[in-house]
Structures are given as C-alpha cells and as structure tokens.
2 protein chains.
Amino acid sequence: MSNLQKILSHAERQCHANGSRLTEKRKKVLSGLLQSDRALSAYELVDYCNKTYDETFAAMSVYRILEFLEQEQLVHKLNLANRYVACVHIACDHQHEVPQFLICTDCQRVKEFSISRSTLGSIKRQVEQARFQLVSEQIELNCLCGSCAAA
Amino acid sequence: MSNLQKILSHAERQCHANGSRLTEKRKKVLSGLLQSDRALSAYELVDYCNKTYDETFAAMSVYRILEFLEQEQLVHKLNLANRYVACVHIACDHQHEVPQFLICTDCQRVKEFSISRSTLGSIKRQVEQARFQLVSEQIELNCLCGSCAAA
DNA sequence: GTTGTTATGTTACAACATATCATTTCTAAA
DNA sequence: TTTAGAAATGATATGTTGTAACATAACAAC
Ligand SMILES: [Zn+2]
Ligand SMILES: [Zn+2]
Ligand SMILES: [Zn+2]
Ligand SMILES: [Zn+2]
C-alpha cells in the first residue's frame, strides 16, 4: 500500500468518524494536493484532475470540495496566495492546532509551521491594544524558500 | 484650506521631491482613499471616481495609479483583502517604516500599526529557523474591529 | 519645434470565485 | 424494500480581481 493510499485511508476514517464522507471526487482532489510539493490554485487542481482522471471536474465542484476538505482540516486555504495545500499533519492523530504558513512567492512552496506560543501571545496583545481582535490565528507570510533565495 | 487639501499638497510636494508627479487623476484616486474610512477595492475606486468626477476612469488606469501611489508610500495595498488604503502617516514628514495591518473582515476598516521590534524579531528568527526568509515585513492579520466585534 | 519619457486610453482576456437551480446519489426511517 | 429527506454533484451563468498589449496624449529637456 503506497504512502498516498495510507494517507487517503487515514483521511477517510477520520471523515467517517466526523460523520462525513470522503467521496471519490474528494479523494482525487485531495490526491492532487498530496502529490504536489507546492500550493495549487483551484483552477490548477481542476486542470490536474481533468488530465489525470479523464473525468470532468467543474471549477464549481472543486471549490466545493476544497471547502469540504478545509472543514475537515485535511487541507488549508492560503488567503494570501489564493491557493491550497494539503495539511502537513494529515497523517497525524493529534488534534490540529491553528497553523501558520510561510509561502514562497516565487515557487509556491509552503512551510506549515507553528509560531511559538509566546510570540503568538505578544502578537495578540498588540492586536488587542489596537482594539481589534484576531478572527483567526492563521498567519501567512510572504517569503522566499531556501532554493529560491539562493537563486 | 481643508485638511484634505493640505494632505494633497503635502503629497504633491513629496512626489515632486522624489522626481515624480501627482497628476490630477492620481490626486482624485488618492482623494477617494483619503475620504474613505475603510479599505477599497480597485473597482470600488473606479466607481467612486466615475461618480464623483463625471469623468472616465478605466480600471486599468486605476490599477496603474494605485501602483504609483503605493511606490510613493502614499497608499498601501492589502494583499490579504485585495484592497487599498491611504497611508495613515501620509501627512508626516518622518521616514515611513514597513507597516503592519489589522483588517476587519466585516467592514474593511483597517488599522495601520507597527508591531514591536522584539516581536518582529522573534517572528523573523522563527522564519529563518524554517529556512525561509521574509520578502516583506508587511504583515496583515484578519481581525474584527471594535464595533464589528461588539455587534 | 523635435524628441524621448511619462501618463493615460482602449480593448481584450486571464484568473479567481460565487449564485442558483437541476439532478444524482446516498442514508435512514417506515 | 420502498421512499422521503439529505448530501453531493452537475450545469450554467455571472461577479470580481488583475494583467497584457498596443495606441495616443501630455509633458519636459534639448
Ligand atoms: Zn495543517
Ligand atoms: Zn521557492
Ligand atoms: Zn503607511
Ligand atoms: Zn469592522
């Protein structure tokens, strides 16, 4: 059983536990993200699926599927790049905390990581001082990855 | 002389000092942002200008003008919201540092502020540990403003 | 005044995203 | 096992954001 298959099965069980279903189409979209080493746009996934599976994926469906996968925490939406990535913790059993992302603006490679509690705490304090409140702790930063920075 | 007029003159002098020109069209787009209490999309500015000035502003022109105004640091582009705001320091003489933004996802009001040096420092260190590097210190956070949070 | 540069006009299109209503598939109760 | 309701997908249209490419106009320097 390939690693991809293992991850998909794990994801399927997890959905089932949540009372939702990881359908064939949803699996195929998720596979597209799992096999990519960089963030993909919804339309890139449409193209990928149409080419790979010789089946019709309408953009509308892909957006709906991505929304579902995001709710299930299998996928993250990067608001700064209008792109999607598979969760790096997708095969883990631990509960997922709100992640932060470093996005390479050159090649779209993404690092999903967790900023330290203390740093996050000081950000939140400074936001509160400005009389705003965070709607999400998901923070996205435009970066260069190692290889793009070297080039 | 109204406050708006003062700011526009100040901006004009500043452009002149930089060897660029704050043309009539550019002034009008900038005025739109100065008179708004929230971030506007390029197309909202197109509509605003067309209605207010009985003159044709093509979307293309507005995008070019916004790019110019951003270069001159008179305006900031919010990548997280695909919107634009006038710089809150537009009437200041001090040199502008890279700002951070809190964006209300409900009403698009924006707080331009500066995160503390030490917090920014720890963010940068953690980014470096992940072998990425920031392309910009402009950080944008999705928030609720005071009044939207209350409602 | 000619000439090179900057700004704007114009058209077309690419890329990203949602609204709406119809149809199919699945689930679970009768 | 049928059947009603829910969930998923299909299909079409449209809205929103942004850029490419080439033409013309305005301006400044010589
Ligand atoms: Zn994750
Ligand atoms: Zn890269
Ligand atoms: Zn500013
Ligand atoms: Zn608000």
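Residue numbers start from 1 in every chain, and the chains themselves are labelled A, B, ... in the order their sequence lines are given, proteins ahead of strands.
A salt bridge links A:Lys27 with A:Glu24; the closest basic N to acidic carboxylate O contact falls under 4.0 Å. A salt bridge does not link B:Glu12 with B:Arg21: none of the charged nitrogens is closer than 4.0 Å to a carboxylate oxygen.
Atom CD in B:Glu55 sits about 17 Å away from atom P in C:dA7, given to the nearest Å. Rounded to an integer number of Å, the gap from CD1 of B:Ile65 to P of C:dT6 is 17 Å. When rounded to the nearest whole Å, the span between CD of B:Glu24 and P of C:dG9 equals 13 Å. Separating the CG atom of B:Leu22 from the P atom of C:dT6 is a distance of 17 Å, rounded to the nearest angstrom. Summarising the geometry, the separation between CZ on A:Arg21 and P on C:dT25 is reported as 12 Å, rounded to the nearest angstrom. Atom CZ in B:Arg26 sits roughly 11 Å away from atom P in C:dG9 (whole-Å rounding). For the pair B:Glu67 CD and C:dA7 C1', the computed distance is 13 Å after rounding to whole Å. In this structure, A:Asp47 places its CG atom 13 Å from C1' of C:dA14, rounding to the nearest Å.
Mapped onto DNA chain D by nearest heavy atom, B:Tyr63 and A:Lys25 fall at different nucleotides, with A:Lys25 at the one closer to the 5' end. Comparing A:Glu44 and A:Met60 by the nucleotide of DNA chain C whose heavy atom lies nearest to each, the residue mapping closer to the 5' end is A:Glu44.
The closest side-chain donor-acceptor pair between B:Gln100 and B:Ser114, if any, does not fall under 3.5 angstrom.
Within a 6.0 Å radius of NZ in A:Lys111, other residues, nucleotides and ligands contribute 12 heavy atoms or fewer. More than 12 heavy atoms of other shown residues, nucleotides or ligands fall within 6.0 angstrom of atom CD in B:Gln5.
Minimum atom distance to the side chain of B:Ser61 is reached by C:dG9, of the listed C:dT6, C:dG9, C:dC16.
Residue contacts shown for A:Arg64 include a base, since a base heavy atom lies under 4.0 Å away. Residue contacts shown for B:Ser41 are limited to sugar-phosphate atoms, with no base heavy atom under 4.0 Å away. When heavy atoms are screened at a 4.0 angstrom cut-off, B:Ala58 is found touching base atoms of the nucleic acid.
When every heavy atom of A:Lys77 is checked against every heavy atom of A:Glu140, the shortest pair comes out as O-OE2, 3.9 Å.
Taking side-chain N and O atoms only, B:Thr56 has no distance below 4.0 Å to OP1 or OP2 of C:dG9. For A:Asn82 and C:dA15, the shortest distance from a side-chain N or O to OP1 or OP2 is not below 4.0 Å.
Once you apply a 4.0 Å limit to the heavy atoms of chain B, the touched nucleotides of DNA chain D run 5' to 3' over D:dT17 to D:dC27.
With hydrogens and angles ignored, a donor-acceptor pair under 3.5 angstrom links the side chain of A:Tyr43 to the base of C:dA17.
Aromatic ring centres of B:His96 and B:His76: separated by under 6.0 Å.
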